[in-house]
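When a ligand or atom number is given, it counts from 1 through the structure's own listing order.
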Amino acid sequence: MLNRHARGFFTALFSPVARWLLKIGVSPDAVTVVGTLGVVVGALVFYPLGQLFWGTLFITAFIFSDVIDGIMARMQHRGGRWGNFLDSTLDRVADGALFAGVAVWFFTGGANPPIAIAAVVCLVLGMVVSYARAKAEALGFHANVGIAERAERLVSVLVVTGLTGLGLPTVVLFVTLCLLATASLVTVVQRIMTVHRQSLEEPDGTASERAA
Ligand SMILES: CCCCCCCC/C=C\CCCCCCCC(=O)OC[C@H](COP(=O)(O)OP(=O)(O)OC[C@H]1O[C@@H](n2ccc(N)nc2=O)[C@H](O)[C@@H]1O)OC(=O)CCCCCCC/C=C\CCCCCCCC
Ligand SMILES: O=P([O-])([O-])O[C@@H]1[C@@H](O)[C@H](O)[C@@H](O)[C@H](O)[C@@H]1O
Ligand SMILES: [Mg+2]
Ligand SMILES: [Mg+2]
């Protein structure tokens, strides 16, 4: 949902940066890779050290690369299958690192296994949400539906984790992660149902012909 409603705003916000990066010879792929590395460092270095606030700021500085790389590609009138693949694949790396970093801290120094377990559940369900869409699209269906797409998952965990680093009671993060896990599960069901509905509308054979 955020993706659709906020895309215009963030495109306008980051287009000058995208244009400048292209001007100095940076490629969209480089932005995708460096942005992912930045998120991974923030999540797997700062968070396990208990630096939830500074880690969130560090991650946030890099996570918007996922917006910028596409803007750059469109400015170059690119946007091919390779970029699509790289962007989506590295999104999973960033998402996995983010929730893993939260889990590591709360399994260790943060001494709060319920939060750590909730973070792992969110990690797994988030991957299933994205895989369902990828598999659907590979079979000629669409499945970019659901109440917990990537932007929603990222905003919710980053804002609350960041605020937890500023002293917000940890129970808020636990409740947030439980709600996010529930929303992610609902999104998986939504995507399964939307693909099932399409499969009933398009008898087997047509979708596989398109996917072939
Ligand atoms: C005070 C306490 C600390 C709190 C600090 C602040 C916390 C953090 C707050 C917010 C940060 C979270 C932001 C989440 C970012 C979301 C990233 C995301 O999901 O982006 C989604 C899209 C981009 O999607 P995608 O990658 O699919 O599209 P692209 O445009 O990249 O196109 C892909 C195609 O491009 C081609 N291509 C790509 C790459 C490549 N290398 N080559 C290519 O060719 C190819 O064809 C690809 O197919 O982004 C959007 O859609 C924009 C919407 C993003 C939504 C952001 C939501 C943030 C909103 C509010 C934040 C609230 C903060 C409040 C803080 C208050 C704290 C109390
Ligand atoms: O919202 P979601 O389906 O979990 O995840 C999305 C992927 O399905 C999509 O392939 C990618 O381009 C988006 O950037 C986002 O990562
Ligand atoms: Mg992107
Ligand atoms: Mg992406």
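For R197 and T194, the side-chain atoms include at least one donor-acceptor pair closer than 3.5 Å. Side-chain contact of T161 with Y47: a donor-acceptor pair under 3.5 Å is absent, judged by distance alone. Between the side chains of S130 and R92, a donor-acceptor pair is found at a separation under 3.5 Å.
Annotation: side chain of L98 is in contact with side chain of V157 (closest heavy-atom distance under 4.5 Å).
Between the CZ atom in R19 and the CZ atom in F14 there is a gap of 14.0 Å [rounded to 0.5 Å].
Atoms of ligand 1 lying under 4.0 Å from at least one heavy atom of D29, given by number and element, are 40 (C), 41 (N), 42 (N). Near T32, the atoms of ligand 1 lying under 4.0 angstrom from a non-hydrogen atom of the residue are 39 (C), 40 (C), 41 (N). Close contacts of ligand 1 with F64, meaning ligand atoms under 4.0 Å from a residue heavy atom, involve 13 (C). Taking every non-hydrogen atom of L158 and a distance limit under 4.0 Å, the qualifying atoms of ligand 1 come out as 8 (C), 12 (C). For ligand 1, the atoms closer than 4.0 angstrom to any heavy atom of N84 are 45 (C), 47 (C), 48 (O).
At least one N/O/S atom of D66, from backbone or side chain, sits under 2.8 Å from the Mg ion (ligand 4).
Considering all non-hydrogen atoms of both residues, V145 and T187 come closest at O-CG2, 3.6 Å. Taking all atoms of both residues into account, the shortest heavy-atom contact from P28 to L22 is CD-CD2, 4.4 Å. Closest non-hydrogen pair, F99 versus C122, comes out as CE2-CB, 3.6 Å.
Residue T60 has no nitrogen or oxygen atom sitting less than 3.5 Å from a nitrogen or oxygen atom of ligand 1, judged on distance alone. Annotation: T56 places no N or O atom under 3.5 Å from an N or O atom of ligand 1; distance criterion only. Remark: ligand 1 and R7 share an N or O pair separated by less than 3.5 Å (distance only, no angle test).
For D69, the N, O or S atom closest to the Mg ion (ligand 3) goes by the atom name OD1. With respect to the Mg ion (ligand 3), D87 has OD2 as its nearest N, O or S atom. The Mg ion (ligand 4) is closest to atom OD2 of D91 (considering only N, O or S atoms).
Residue-level proximity to ligand 1 for A73 is carried by the side chain, the only part with a heavy atom below 4.0 angstrom. Both the backbone and the side chain of D66 come within 4.0 Å of ligand 1, judged by heavy-atom distances.
Note on ligand 1: R74 sits in its first shell, one or more heavy atoms being nearer than 4.0 Å.
The heavy atom nearest to atom 29 (P) of ligand 1, considering only S156, G55, G70, is found in G70.
Results of the side-chain contact (heavy atoms from CB on, under 4.5 Å) test with F46 over W105, F53, F58 single out F58 as the only residue that passes.
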Check the pair D29 / W82 against side-chain contact (heavy atoms from CB on, under 4.5 Å), numbers first and verdict last. CA-CA 9 Å; D29 290 0; W82 160 249; 2.8 Å; yes
